[in-house]
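Take a look at the structure set out below.
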Amino acid sequence: MFFLSRKKKDSDQKTISGQMPRHIAIIMDGNGRWAKERRLPRAMGHKAGVETIREIVKECNRLGIKYLTLYAFSTENWKRPEDEVSSLMQLLVEFLKKELDELHKNNVVVNHIGDISKLPEPCQVELRNAYIRTKNNTGVTLNLALNYGGRNEIVFAVRKILTDYSRGNIKVGDITEEAFSRYLYTAEIPDPDIIIRPSGEQRISNFMLWQCAYSEFWYSNINWPDFTVQDLHKAIEDYQNRDRRFGAVK
Ligand code: FPP
């Protein structure tokens with residue numbers, strides 16, 4: 001489709017020196033506005049957003065980023081019209097079916113975070129299959145945040161801790177910040193170094209509430225379907241110029 005084709009630029013292959021963020025997290029936003037500006041149905045905005053996902057995953061992998069988390073469906077997104085929810089679920093299945101061979105060939109691990117047990121069965125099947133197939137890869141880990149909410153994640157963690165406590169597997173004094181982190185969906189994943197939010201909104205929207213304690217935030221006015229590899233480079237370079245002190249003095 002005409003609006004989905006992307007022209008490659010020389011700067012797509014740019015080398016970025018300096019310390020790369022280990023974990024980039026993105027709140028993909030602005031699909032609906034992108035579609036509205038073109039008088040298209042909202043679903044077309046999401047479809048165009050999938051094209052951006054392909055490019056950004058590829059680029060993160062090329063740059064040696066270890067983790068890329070994409071906020072694809074929040075615990076609050078169920079409030080959207082039924083046809084929009086089902087087109088998002090369908091896009092997810094199509095994406096995994098269509099892209100998995102290529103992602104696997106490119107050494108990408110396809111992981112998910114969130115309570116996927118509430119997603120339609122075909123989504124669960126494709127997500128589990130994608131993880132099983134790619135889990136031993138060594139390239140970027142793509143975490144798809146689905147039916148994910150930061151508050152829900154914390155509540156789930158507390159429930160799991162209480163279950164372990166009631167079975168005598170954990171003592172009150174064992175519950176440190178590090179121990180708590182191991183009960184989150186992101187147990188094996190470092191906190192995001194940078195959280196990117198396109199589309200002009202500047203809020204966290206229930207995303208990685210625990211993990212964002214010391215993340216750098218990067219906002220841009222570009223809607224997600226128009227977000228390019230050059231925007232990603234800009235975000236990384238801005239991140240590299242931030243002074244991260246983690247509460248200490250330097
Ligand atoms: C926010 O834009 C975007 C979403 C809620 C969904 C993001 C999903 C995709 C990009 C595609 C499906 C995902 C995968 C992994 C295949 P919005 O709709 O809130 O935009 P608006 O604020 O302009 O209305």
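Just so you know, these numbers come straight off a predicted model, no measurement behind them. Just so you know, ligand 1 is whichever comes first in the structure, and atom 1 is the first atom listed for that ligand. Just the heavy atoms: all of them, side chains too, but no hydrogens, waters or symmetry mates, feed the values below.
- In terms of polar-atom proximity, N31 is counted as a contact of ligand 1, with an N or O under 3.5 Å from an N or O of the ligand.
- For ligand 1, the polar-atom distance check finds an N/O of G32 within less than 3.5 Å of one of the ligand's N/O atoms.
- In terms of polar-atom proximity, defined here as any N/O pair under 3.5 Å, R42 does make such a contact with ligand 1.
- Here the shortest heavy-atom distance to atom 7 (C) of ligand 1, taken over A72, G45, P225, belongs to A72.
- For R167, there are no salt bridge (charged side-chain N to carboxylate O under 4.0 Å, His left out) partners at least two apart in sequence or on another chain.
- E237 and K234 are not joined by a salt bridge, as no carboxylate oxygen comes within less than 4.0 angstrom of a charged side-chain nitrogen.
- Ring planes of H23 and Y67: tilted class, angle from 30 to 60°.
- Looking at R38, its side chain does come within 3.5 Å of a backbone N or O of W34 through a donor-acceptor pair.
- Within the structure, the closest approach of S199 to ligand 1 does not fall below 4.0 Å when heavy atoms are considered.
- Taking every non-hydrogen atom of N77 and a distance limit under 4.0 Å, the qualifying atoms of ligand 1 come out as 5 (C).
- Set against the non-hydrogen atoms of F95, the atoms of ligand 1 under 4.0 Å away are 16 (C).
- Among all non-hydrogen protein atoms, the one lying nearest atom 22 (O) of ligand 1 is R33 NH2, 2.9 Å.
- In this structure, atom 1 (C) of ligand 1 lies nearest to the protein heavy atom M28 O, 3.2 Å.
- Of all protein heavy atoms, the one lying nearest to atom 14 (C) of ligand 1 is I53 CD1, 3.9 Å.
- Using a 3.5 Å distance cut-off with no hydrogens or angles, the side chains of T228 and D231 do pair a donor with an acceptor.
- The aromatic rings of F73 and W78 sit perpendicular to each other, their planes meeting at more than 60°, with 30° as the lower class boundary.
- Scanning all protein heavy atoms for the shortest distance to atom 4 (C) of ligand 1 gives H46 CE1, 4.0 Å.
- Looking at residues two or more places apart in sequence or on another chain, you find a salt bridge (charged side-chain N to carboxylate O under 4.0 Å, His left out) between E102 and K105.
- Looking at E201, its side chain never comes within 3.5 Å of a backbone N or O of G30 through a donor-acceptor pair.
- Applying the side-chain contact (heavy atoms from CB on, under 4.5 Å) test between Y183 and each of I154, I175, I170 identifies I170 as the sole match.
- The V50 neighbourhood of ligand 1 comprises atoms 11 (C), 16 (C), with distances under 4.0 Å to a heavy atom of that residue.
- Heavy-atom proximity to L88, at under 4.0 Å, picks out these atoms of ligand 1: 6 (C), 8 (C).
- Below 3.5 Å of separation, one finds no N or O of W34 facing any N or O of ligand 1.
- Using bins of under 30°, 30° to 60° and over 60° for the plane-to-plane angle, the ring pair Y148/F207 lands in the perpendicular bin.
- At distances below 3.5 Å, not a single donor-acceptor pair connects side-chain atoms of H46 with backbone N or O atoms of L88.
- No N or O atom of W224 sits closer than 3.5 Å to an N or O atom of ligand 1.
- At least one heavy atom of R80 sits under 4.0 Å from some atom of ligand 1.
- Looking at L91, L144, V110, L70, it is L144 that brings a heavy atom closest to atom 15 (C) of ligand 1.
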